Amino acid sequence: MNIFNTYLQYINETILILLKDNNIVLENDNLLEKVVVEVPKNKKFGDLSTNAALVLSSTFKAKPFDVAKKLKLKFDTHHDFADVSIANPGFINFTLQEDVWQKLLFNLLETGEWKYEQFGKNNNLNLEFVSANPTGPLHAGHARGAVVGDCLARILKLVGFNITREYYINDAGNQIDVLIKSVQLRYLEQLSGINANIPENLYPGAYLIRIAKKIKNQYDDTLEKLDYENFFLKVNQLVINEILNLIKKDLSNLGVEMDIFTSEKSIIEKGFLDKVLNILKDNKLIYEGILEKPKGKADLDEWEPRPQLLFKSSFFGDDSDRALKKSDGSWTYFANDMAYHLYKIEKTKGNLINILGADHLGYLKRIESAVKALSSNKIKLVNKVCAIVHLMNDDKKIKMSKRSGNFIMLSDLINDLGKDVIRFIMLTRKNEQVLEFDFKKALAQNKDNPVFYVHYAYARCKSIVKNSNIFDHKFSFEEIKMLKDNNELYLIKLISQWPKVVELSAKHMEPHRICYYLIELASEFHSLWNKGKIDESLKFIHVDDTSITKSKLALINSIMLTIKSGLNILSIKPMEDM
RNA sequence: GGGCCAGUAGCUCAGCUGGAUAGAGCAAUUGCCUUCUAAGCAAUAGGUCAGGGGUUCGAAUCCUCUCUGGCUCACCA
């Protein structure tokens, strides 16, 4: 259904014929991959353009313009093209017959939904995202990774990947000790009724009070005399489950779905760490060695050379080899993470994607190295890094600091703004770019707020349908052929780009493109709407002529259908009226 | 000091992965409501794509150096 691919295929076939005609052998097949069909930036160049002649000029040992002339002779015979022209230095521009667009619209409405090229071919893909430590509910900063991951998953699904969304629970590290110690204080606080002083190195969050109450309800004061180790054994799982429930609730309120939550502890219990060590041994990628002192500016007074168990990460391009064991003999986070990635490799039998925060930038190479080592270079790990989000209020930065406990929780954000605005705005920047999230704009009911703008376009469409008093939404081709005005045709052309937007979004793993497209579509629609004020013929409803109105309704329906598919990817429900 | 990400209009950012005269939105100026939602639209103005060098038919995009900002740098997670 992607019209660009249709013509790209035709152009490629034509090139092969031309090569054969001229007894020229393509020295390298990859050359054809450089041939693209795209929409020229400037409308006056027509509907489509191709760089074919520029790509092939050296093969033909001729100037691009002359190659273009040869190609044009072939293209001229195709009945879809109203005009084929050559522009310097050798672009070939196509103007399509009106009925090509009209047919496209007709087919879309017949099918009732967009179809996308299934280049995922049902291949498995594992997408790990959020994976926040289970020490508290999510805060505002987590929203970005959550939304990017969730939408990316939806996009990849549309193009045929079999995708698993996974949350990795770090339930095995130091932070869990800190958590349980904090809970123990809160529990004793419940029993004594005296407010506890929470030391700086423990978690102060009020959510732990609620968990402490639960423990008190369940165990009464029977845990009062326990030392920390035994208290830990008693409540550890309960506390983590309680917090995971908070996190799951946050995710669900944000419209983010997970297929599976995998615990770090369970991976180790299943023996994946041993498996990792064996693989590394077999491939001679592990050794006892001493790392060089890092040359950082940071205070490294405590640094001392020490023999450690190391993974030969540098073999795969990492800057340094990486420690697997800490000085106290326990495994490093990285060692466990290798085990987790081996687990993902084994069960996925396909490529892996991780959505990470910017603070993990320094971690990418070692984990990529790990996946290469553990999969004999067969599995690809793509790391998508989300830059930080600056929360703003009317251009003023809102400061968040962990120490003071002064950071905005995701649940507060959702309560204040609703999930739709958050989801949309989180995708209005490409993920590597720092994002300014302005409360004032998110609450605005005007163009400052892009979701609002898109909703408004959809609601206007709905309103037209309602006011038309036409309830038959089966459209004949004759009706659709009445859409002849350039402004209307332009909208059809824009709509026809939608599958390409989704496919490129998937290919490059860039969900933000969906938002930009929706804004543009909304904008073009609003524009056409207003043209109706100047030019009567462009109004959508023609009271005295049902068939003209129906032709316009066909266009309106296709716009709604497209906005709906876009919002659906973002998991936003279109507003029927406003 | 090393690594990674970024630097595009006064501000916030796109730029279909190398294509044609670099595009939007804010902000500024000026217009458009007796008529399908003015919560909107149109027009004007705004640029050494941080800077130098290179690669080629062609560079904001690729390579290289320099500058600036952010994140990060054994034994945390």
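The figures here come from the full heavy-atom set of this structure, side chains too, leaving out hydrogens, waters and symmetry mates. Note that the coordinates shown come from a computational prediction; the quantities given were computed from them, not determined experimentally.
Atom CG in A:Asn93 sits 9.5 Å away from atom OG1 in A:Thr50 (nearest 0.5 Å). Taking CG of A:Asp420 as the start and CG of A:Leu567 as the end, the distance is 8.5 Å to the nearest 0.5 Å.
Here the two rings, on A:Phe129 and A:Tyr167, have centers that are 6.0 Å apart or farther. Aromatic pair A:Phe91/A:Phe45: centroids not less than 6.0 angstrom apart.
Residue contacts for A:Arg322: at a heavy-atom cut-off of 4.0 Å it reaches no nucleic acid atom on any strand shown. Base contact: A:Glu510 has a heavy atom under 4.0 Å from a base atom. Within the 4.0 angstrom heavy-atom criterion, base atoms lie near A:Leu361. Using a 4.0 Å heavy-atom distance criterion, A:Gln445 is classed as a base contact. Across all strands, A:Asp359 comes closer than 4.0 Å only to sugar-phosphate atoms, never to a base (heavy-atom distances). Residue A:Val36 is classed as having no contact, given no heavy-atom separation below 4.0 Å to the nucleic acid. Backbone-only engagement by A:Leu504 is indicated by non-hydrogen atom pairs under 4.0 Å involving sugar-phosphate atoms exclusively. Using a 4.0 Å heavy-atom distance criterion, A:Ala444 is classed as making no nucleic acid contact. The residue A:Lys539 sits close to a base: some heavy atom pair falls under 4.0 Å. In this structure, A:Ser58 reaches neither bases nor backbone, as no heavy-atom distance under 4.0 Å exists between it and the strands shown. Counting non-hydrogen atoms under 4.0 angstrom, A:Asn93 reaches a base of the nucleic acid. Residue A:Pro89 is classed as a base contact, given a heavy-atom separation below 4.0 Å to a base.
Distances shorter than 4.0 Å separate some side-chain N or O of A:Ser463 from OP1 or OP2 on B:rU37. Neither OP1 nor OP2 of B:rA77 sits under 4.0 Å from any side-chain N or O of A:Asn336. Regarding contacts with the backbone of B:rC41, a side-chain N or O of A:Tyr453 is found under 4.0 angstrom from either OP1 or OP2. The side chain of A:Lys441 contributes no N or O atom lying less than 4.0 Å from OP1 or OP2 of B:rC11. Look at A:Lys466 and you won't find any side-chain N or O under 4.0 angstrom from OP1 or OP2 of B:rC36. Regarding contacts with the backbone of B:rA14, a side-chain N or O of A:Gln433 is found under 4.0 angstrom from either OP1 or OP2. Taking 4.0 angstrom as the limit, A:His512 places a side-chain polar atom (N or O) nearer than this to OP1 or OP2 of B:rG15. Dashed line: the shortest gap from a side-chain N or O of A:Lys447 to OP1 or OP2 of B:rA24 is not under 4.0 Å. In this model, the phosphate group of B:rG19 is not approached by any side-chain N or O of A:Lys41 to a distance below 4.0 Å at OP1 or OP2. For the pair A:Arg460 and B:rA39, the criterion of a side-chain N or O lying under 4.0 Å from OP1 or OP2 is not met.
Counting only heavy atoms from C-beta on, A:Arg513 has its side chain closest to B:rU17 among B:rA20, B:rA14, B:rU17. Set against B:rU72, B:rU37, B:rG3, the side chain of A:Asp319 has B:rG3 as its closest nucleotide. For A:Lys44, taking side-chain heavy atoms from C-beta onward, the closest of the listed nucleotides B:rG3, B:rC36, B:rU21 is B:rU21. Side chain of A:Glu38, nearest nucleotide from B:rG3, B:rG19, B:rA14: B:rG19. Of the candidates B:rA74, B:rG15, B:rC26, the closest approach to any side-chain atom of A:Gln308 belongs to B:rA74. Taking the side chain of A:Asn174 as heavy atoms from C-beta on, and the options B:rC41, B:rC36, B:rA77, the nearest nucleotide is B:rA77.
Here the closest non-hydrogen pair linking A:Glu479 and A:Ser547 is CG-O, 4.4 Å.
Nucleotides B:rC57 and B:rA6 have their P atoms positioned 28 Å apart, rounded to a whole Å. For the C1' atom pair drawn from B:rU55 and B:rC63, the interatomic distance equals 7 Å after rounding to whole Å. Using atom C1' as the reference point in both B:rG18 and B:rU29, the two lie 38 Å apart (nearest Å). Going from the P atom of B:rU21 to that of B:rG69 covers 35 Å, rounded to whole Å. Of the C1' atoms belonging to B:rC16 and B:rG23, the separation is 13 Å, rounded to the nearest Å. Here, B:rC76 and B:rC71 have their P atoms 23 Å apart, quoted to the whole Å. Rounded to whole Å, the P atom of B:rU66 lies 41 Å from the corresponding atom of B:rA27. Here, B:rU56 and B:rU61 have their C1' atoms 14 Å apart, quoted to the whole Å.
A syn base is found at B:rU17: its glycosidic angle is within 90° of 0.
In terms of position along RNA chain B, the nucleotide closest to A:Asn88 lies nearer the 5' end than the nucleotide closest to the other residue of the pair A:Asn88 and A:Ala358. Between A:Glu432 and A:Asn446, the one whose closest nucleotide on RNA chain B sits nearer the 5' end is A:Glu432.
Checked by distance alone, A:Asn449 brings no side-chain donor or acceptor within 3.5 Å of a matching partner on the base of B:rA39. Donor-acceptor pairing under 3.5 Å, judged by distance alone, is absent between the side chain of A:Ser527 and the base of B:rA42. Below the 3.5 angstrom threshold, one finds no donor paired with an acceptor across the side chain of A:Lys533 and the base of B:rA42. In the interface, the side chain of A:Asn530 is paired with the base of B:rG40 through a donor and an acceptor atom under 3.5 Å apart.
Remark: A:Lys507 is positioned above the aromatic ring of A:Phe119, its terminal NZ or CZ atom under 6.0 angstrom from the ring centre and at most 45 degrees off the axis.
Ring orientation note: the planes of A:Phe452 and A:Tyr456 are close to parallel, at an angle under 30° on the 30°/60° scale.
Checking side-chain atoms of A:Asn133 against main-chain N and O of A:Thr135 turns up no donor-acceptor pair under 3.5 Å.
None of A:Ile514, A:Ile563, A:Leu521 except one satisfies the side chain to side chain contact (heavy atoms under 4.5 Å, CB included) rule with A:Trp498; the exception is A:Ile514.
Pair check for B:rG40 finds B:rC32; Watson-Crick or G-U wobble, both atom distances under 3.5 Å.
You cannot call A:Phe91 stacked on the base of B:rG19; the centres under 5.5 Å and planes under 30° rule is not satisfied.
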